> 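Have a look at this one before I ask anything.
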Amino acid sequence: MSTIHVHDKVFEPYLTTEAISDRIQRIAEQINQDYEGMRPLFIAILNGSFMFASDLFKVISIEAEICFIKLASYKGTKSSGHVITAIGLDIDLIGRHVIVLEDIVDTGKTLNEFLPQLEHQQPASMRIAALLHKPEATVYPITVNYLGFSVPNKFLLGYGLDYDGLGRNLPSIYKLIE
Ligand code: IMP
Ligand code: MG
C-alpha cells in the first residue's frame, strides 16, 4: 500500500482492512455475549459510522435491531449555543438496551451533547461502541464501552471517515502526513 492524495493533502496507510475486520469481530463476540436475549437496539450515527455499523451488524448473531440517525447541529436561540437534534430516530427507546455506534470519538463533544437526549427517553441501558477513539483529544468525558482502536491525535481518513466529503469509500484507514 502507498500514500494517497485527497484534495490538497497526502495520507499514508494506518489500519488495514484485516486489522479493522479482526477488531470488529472481537467487539461483536463481546456484544453477542453481553446482550444475549436482550434484543439490543443499535443506533448508528451517520454519516461516518455507516461502514463500521454495517460490518459490525453482519457479525452480530443474537436478535438485534438497528436504526440510522443523522445529527443536525444548529445555532440555538439566545444563550443556548449549539443544539444537536437527531433526525430519523423513529423507535421508542423506553426500556430498550441501546448501543450507540460512532466512527470516532474525538473531542467527545458530539456524544456529550447527544447522549443526554437519548437518556431522556429512558432506555433500560445505554452503551457506546466506537471504532476509533482519540484519548488525547477528548475533552468531554465519554466512556467508550466497546472500542476498536485507541489512536493518536491525528487526522484519519477512510472506512467511513471523510476529508471534506471525500475518502469515505476507502476500505482501510489512512493517516494524514503532516
Ligand atoms: P467530536 O464531537 O469532537 O468527538 O467529533 C466526532 C466527529 O468528528 C466524528 O463523528 C467525525 O465525524 C469527526 N472526526 C473526528 N476526528 C476525525 C478524523 O480524524 N477524521 C475524520 N473525521 C473526524
Ligand atoms: Mg461521525
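Everything numeric in this text was worked out from a predicted model, so none of it was measured. Counting starts at 1 for both ligands and their atoms, following the listed order.
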> Provide the closest heavy-atom pair for Pro152 versus Lys134 in the form atom of the first, atom of the second, distance.
O-CG, 3.7 Å

> Determine the interplanar angle of the Tyr163 and His7 rings, folded into 0 to 90°, and report it as parallel if under 30°, tilted if 30 to 60°, perpendicular if over 60°.
perpendicular

> How close do Leu56 and Leu101 get, counting heavy atoms only, and between which atoms?
CD2-CD2, 3.7 Å

> I need the minimum non-hydrogen distance between Asn153 and Ala137, along with the two atoms involved.
OD1-CB, 3.5 Å

> Can you list the atoms of ligand 1 that are under 4.0 Å from a heavy atom of Asp103?
9 (C), 10 (O), 11 (C), 12 (O)

> Under 4.0 Å from a heavy atom of Thr110: which atoms of ligand 1 are those, numbered in the order shown and with their elements?
1 (P), 2 (O), 5 (O), 6 (C)

> Going by the ring-ring contact (aromatic ring centres under 6.0 Å, His included) test, name the single residue among Tyr146, Phe68, Phe57 that passes it with Phe42.
Phe57

> Closer than 4.0 Å to some heavy atom of Thr107 - which atoms of ligand 1 meet that?
1 (P), 2 (O), 3 (O), 4 (O)

> Counting heavy atoms only, which of Asp164, Ile45, Thr138, Ile104 comes nearest to atom 6 (C) of ligand 1?
Ile104

> Could you check whether any side-chain heavy atom of Phe50 comes within less than 4.5 Å of a side-chain heavy atom of Arg168, counting everything from C-beta outward?
yes

> I need the atoms of ligand 1 closer than 4.0 Å to a non-hydrogen atom of Lys154, numbered in the order shown.
19 (O)

> Go through ligand 1 atom by atom and flag the ones less than 4.0 Å from a non-hydrogen atom of Leu156.
18 (C), 19 (O), 20 (N), 21 (C)

> Whether the side chain of Thr138 engages the backbone of Thr107 through a donor-acceptor N/O pair (distance < 3.5 Å, no angle test) should be reported.
no

> Which option out of Ser73, Gly108, Gly48, Gly167 puts a heavy atom nearest to atom 4 (O) of ligand 1?
Gly108

> Name the option, out of Lys175, Lys134, Glu102, His133, that contains the heavy atom nearest to atom 19 (O) of ligand 1.
Lys134

> Near Asp162, which atoms of ligand 1 are under 4.0 Å from a heavy atom of that residue?
21 (C)

